[in-house]
Amino acid sequence: MKISFESSSDAQIQAMIVDDGVSLPEAAEVLDKASGGLLTEALCAERFTGKVGQQAIVVMPSAVETRRVVLVGGGKPADRKAATYERIGAELIKSQSMSGFKSLALTVSEAEHAASAAAGAKLAAYRFDTYFTKLKDEQKPSLTSFAVITADPGAAQEAFVPLDAETAGTSLARDLMNEPPNVLYPENFAARAKALEVEGLEVEILGEAQMEALGMGSLLGVGQGSIRESQMAIMKWSGGGREDPVCLVGKGVCFDTGGISLKPGASMEDMKGDMGGAAAVTGTMLALAKRKAKANVIGLIGLVENMPDGNAIRPGDILTSASGQTIEVQNTDAEGRLVLADVLWYAQEHFKPRAIVDLATLTGAIVISLGHEHAGLFSNSDELAGALSAASETSGEKVWRLPMGETYDGLLKSKFADMRNIGGRAAGSITAAQFLKRFVKDGQAWAHLDIAGVAWREGSKPASDPSWPSGFGPRLLSRWIAENYEG
Ligand code: BES
Ligand code: MN
Ligand code: ZN
């Protein structure tokens with residue numbers, strides 16, 4: 001989708017925002033007159049109240065150059081926020097992208113609002129058609145350009161730069177999750193991370209031999225049943241001078257069968273998305289590079305495939321992690337924490353992180369607790385948890401904090417090793433977070449986002465989330481970094 005900001009446009013479809021309470025906006029008056037009052041008539045005749053997202057589509061007479069007018073509800077002007085404009089942009093794409101017309105222009109006078117509407121449009125226009133070979137023309141979007149008619153196009157374009165960078169991060173996260181697991185296995189994912197060097201990131205890839213030398217027996221244990229080689233990618237963005245970095249850590253299980261503790265068959269194909277945390281971190285790194293963030297950020301992703309095999313880890317096996325702590329594996333399907341344990345440790349051994357945030361599709365239990373609306377937030381720092389919650393308010397990627405504590409930690413006790421990798425049936429998301437915390441050094445600010453419920457969603461979804469994966473993460477993290485680490 002080509003996005004532009006203009007002071008006027010001859011697009012085939014003209015869209016205008018109508019306030020709640022319904023009167024024709026100024027921008028629509030010329031077209032109303034030219035069409036002999038069709039727009040006024042549409043507002044009166046239809047059940048249109050101006051509620052956010054509502055649309056009245058009016059076909060123009062052939063004498064008028066504009067082919068269609070979309071009157072789109074904007075709610076009460078005083079209630080309109082960035083998210084409202086984003087939604088309006090997204091809803092317009094949803095209703096018009098297959099309309100047969102090529103160009104649409106939406107009138108939004110204020111620059112910031114114009115930029116938000118454009119970001120919503122871009123998110124909604126996302127498609128992943130790579131593997132369709134037989135799409136007919138009418139199954140492909142017709143709309144190729146989305147213009148925002150605005151008072152100061154230059155200012156709107158400038159306000160759009162960071163939002164556009166973040167939507168690029170979201171799209172990359174979605175692409176990575178959409179790819180099938182026979183294509184996106186650990187080495188291929190690592191290669192895609194490496195390819196981001198053209199954006200100005202510095203990317204290092206570690207293979208199994210290097211991770212073995214580092215003693216990463218926990219991560220390597222998960223990958224040992226796979227014919228694919230496990231990898232770790234370290235992506236650096238250095239935009240902040242000499243300051244210590246923020247570290248982002250991602251779970252990248254490119255496919256999670258459960259291993260020997262095999263998952264049931266139903267919907268197992270969704271487990272190609274079990275690298276959603278790594279996708280979010282990679283997308284964030286792209287967003288930071290594209291908007292030239294004034295911060296030092298390091299993204300670290302552990303990439304493995306969890307397979308049942310003669311060489312796979314068994315329930316009962318004891319793994320030694322890079323931290324030296326031993327782990328009795330009681331369930332090979334609780335593999336994400338085994339991967340993160342070693343990557344978290346690596347981050348603290350090699351850098352002095354001002355904060356670490358890890359993202360992981362870690363537990364089914366978080367879907368039961370919070371559904372598809374909020375990611376679970378766990379942290380050892382009220383300040384960090386507060387900052388992430390604040391960024392989640394403005395980014396639209398919501399988080400909800402859950403408790404931690406010693407009694408939960410006690411559930412990880414093992415008869416044979418320093419800990420076991422499951423805590424029993426109760427509080428499954430919390431005991432998973434407690435497990436990770438055992439690999440966070442004292443005094444290290446750390447937060448964990450369990451995104452199993454939001455990385456892909458069931459049920460009704462916003463227009464800005466049109467594909468299977470949501471691409472959750474880059475917008476939240478980019479804003480959190482902007483609000484806290486960029487001076
Ligand atoms: N990748 C899954 C968690 C998951 C479930 C993500 C549903 C997305 C949707 C994770 O590796 C897993 O299998 N967790 C187990 C942990 C259990 C064995 C303690 C789970 O949640 O059942
Ligand atoms: Mn699992
Ligand atoms: Zn998993």
Side-chain angles (χ1 to χ4, degrees), residues 173 177 181 184-186 189 218-219 221-226 230 249-280 301-309 312-317 327-341 343 358-376 378 402 408 411-414 419-436 448-459 468-470 472-473:
M177 288 186 70
L184 199 86
Y185 49 88
F189 194 140
S218 183
L219 181 152
V222 177
Q224 79 186 32
S226 169
S230 300
V249 169
K251 168 181 173 181
V253 177
C254 294
F255 195 77
D256 181 13
T257 63
I260 296 301
S261 313
L262 192 63
K263 285 182 181 298
S267 302
M268 203 204 271
E269 65 277 10
D270 285 352
M271 285 302 134
K272 74 173 182 175
D274 208 18
M275 28 56 74
I301 55 178
L303 302 166
V304 301
E305 188 179 56
N306 188 22
M307 298 295 272
D309 181 77
I313 48 170
R314 293 153 288 250
D317 281 6
I327 305 159
E328 181 196 355
V329 177
Q330 286 193 350
N331 190 321
T332 64
D333 197 12
E335 85 298 338
R337 61 198 76 182
L338 298 174
V339 173
L340 291 171
V343 183
D358 78 70
L359 293 95
T361 50
L362 203 63
T363 66
I366 204 70
V367 191
I368 307 302
S369 325
L370 298 175
H372 302 289
E373 197 58 20
H374 292 85
F378 302 83
L402 289 162
Y408 294 115
L411 299 171
L412 297 169
K413 199 168 155 52
S414 158
M419 71 195 86
R420 56 177 186 158
N421 75 330
I422 53 171
R425 261 173 58 80
S429 305
I430 303 179
T431 52
Q434 293 292 163
F435 182 95
L436 299 179
H448 156 59
L449 294 172
D450 192 336
I451 61 169
V454 295
W456 62 90
R457 300 184 162 110
E458 275 152 38
W468 173 67
S470 66
F472 184 101

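Every heavy atom of this structure was used, including side-chain atoms; hydrogens, water molecules and symmetry mates were not. Counting starts at 1 for both ligands and their atoms, following the listed order.
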Would you mind checking which non-hydrogen protein atom is closest to [atom], with the distance to 0.1 Å?
| atom | answer |
| --- | --- |
| atom 10 (C) of ligand 1 | Leu362 O, 3.3 Å |
| atom 15 (C) of ligand 1 | Asp333 O, 4.0 Å |
| atom 18 (C) of ligand 1 | Asn331 ND2, 3.5 Å |
| atom 7 (C) of ligand 1 | Met271 CE, 3.7 Å |
| atom 21 (O) of ligand 1 | Gly364 N, 2.7 Å |
| atom 19 (C) of ligand 1 | Ile422 CG2, 3.5 Å |

Should Val367 be listed as contacting ligand 1, given a heavy-atom distance under 4.0 Å as the test?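 No heavy atom of Val367 comes that close to ligand 1.
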Contact check, Lys251 vs ligand 1, heavy-atom distance below 4.0 Å: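 It does; at least one heavy atom falls under 4.0 Å.
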Side-chain contact, heavy-atom cut-off 4.5 Å: [X] with [Y]?
| X | Y | answer |
| --- | --- | --- |
| Ser230 | Pro186 | no |
| Arg337 | Thr363 | yes |
| Asp333 | Asp256 | yes |
| Leu402 | Asp450 | no |
| Met177 | Lys272 | no |

Tell me if a side-chain donor or acceptor on [X] pairs with a main-chain N or O of [Y] at a distance below 3.5 Å.
| X | Y | result |
| --- | --- | --- |
| Ser261 | Asn331 | no |
| His372 | Val454 | no |
| Asn421 | Ala334 | yes |
| Asp317 | Arg314 | yes |
| Thr332 | Ile313 | no |
| Thr257 | Asn306 | yes |
| Ser218 | Val339 | no |
| Lys251 | Thr361 | yes |

Evaluate side chain to side chain contact (heavy atoms under 4.5 Å, CB included) for Phe378 paired with Ser429, printing each intermediate quantity in order. CA-CA 9 Å; Phe378 302 83; Ser429 305; 3.9 Å; yes
Should one rank Asp450, Ile451, Asp256 by closest heavy-atom distance to atom 2 (C) of ligand 1, which comes out on top?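 Closest candidate by heavy-atom distance is Asp256.
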On a heavy-atom basis, I'd like to know which of Arg337, Glu335, Gln330 is closest to atom 16 (C) of ligand 1.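 Minimum heavy-atom distance to atom 16 (C) of ligand 1 goes to Arg337.
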So which of the N, O or S atoms of [X] lies nearest the Zn ion (ligand 3)?
| X | value |
| --- | --- |
| Asp274 | OD2 |
| Asp256 | OD2 |
| Glu335 | OE2 |

Going by the atom numbers of ligand 1, which of them fall below 4.0 Å from some non-hydrogen atom of [X]?
| X | result |
| --- | --- |
| Lys263 | 2 (C), 12 (C), 13 (O) |
| Thr361 | 1 (N), 2 (C), 3 (C), 6 (C) |
| Trp456 | 8 (C), 9 (C) |
| Thr363 | 3 (C), 21 (O) |

What does the angle at the Mn ion (ligand 2) come to, between atom OD1 of Asp333 and atom OD2 of Asp256, rounded to 10°?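 Asp333 OD1 and Asp256 OD2 form an angle of 100° at the Mn ion (ligand 2).
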With a heavy-atom distance limit of 4.0 Å, tell me whether Phe255 approaches ligand 1 through its side chain, its backbone, both, or neither.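 Neither; nothing of Phe255 gets under 4.0 Å from ligand 1.
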Heavy-atom distances under 4.0 Å are what count here, so tell me which part of Asn306 touches ligand 1: side chain, backbone, both or neither.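 No part of Asn306 comes within reach of ligand 1.
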Contact flag Asp274/the Mn ion (ligand 2), N/O/S atoms, threshold under 2.8 Å: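 Short answer: no, not a single N, O or S atom is under the cut-off.
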Nearest to the Mn ion (ligand 2), which N, O or S atom of Glu335 do we find?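 Output for this pair reads OE1.
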Report whether any nitrogen, oxygen or sulfur of Lys251 sits less than 2.8 Å from the Zn ion (ligand 3) (N, O or S, backbone or side chain).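 Lys251 does place an N, O or S atom closer than 2.8 Å to the Zn ion (ligand 3).
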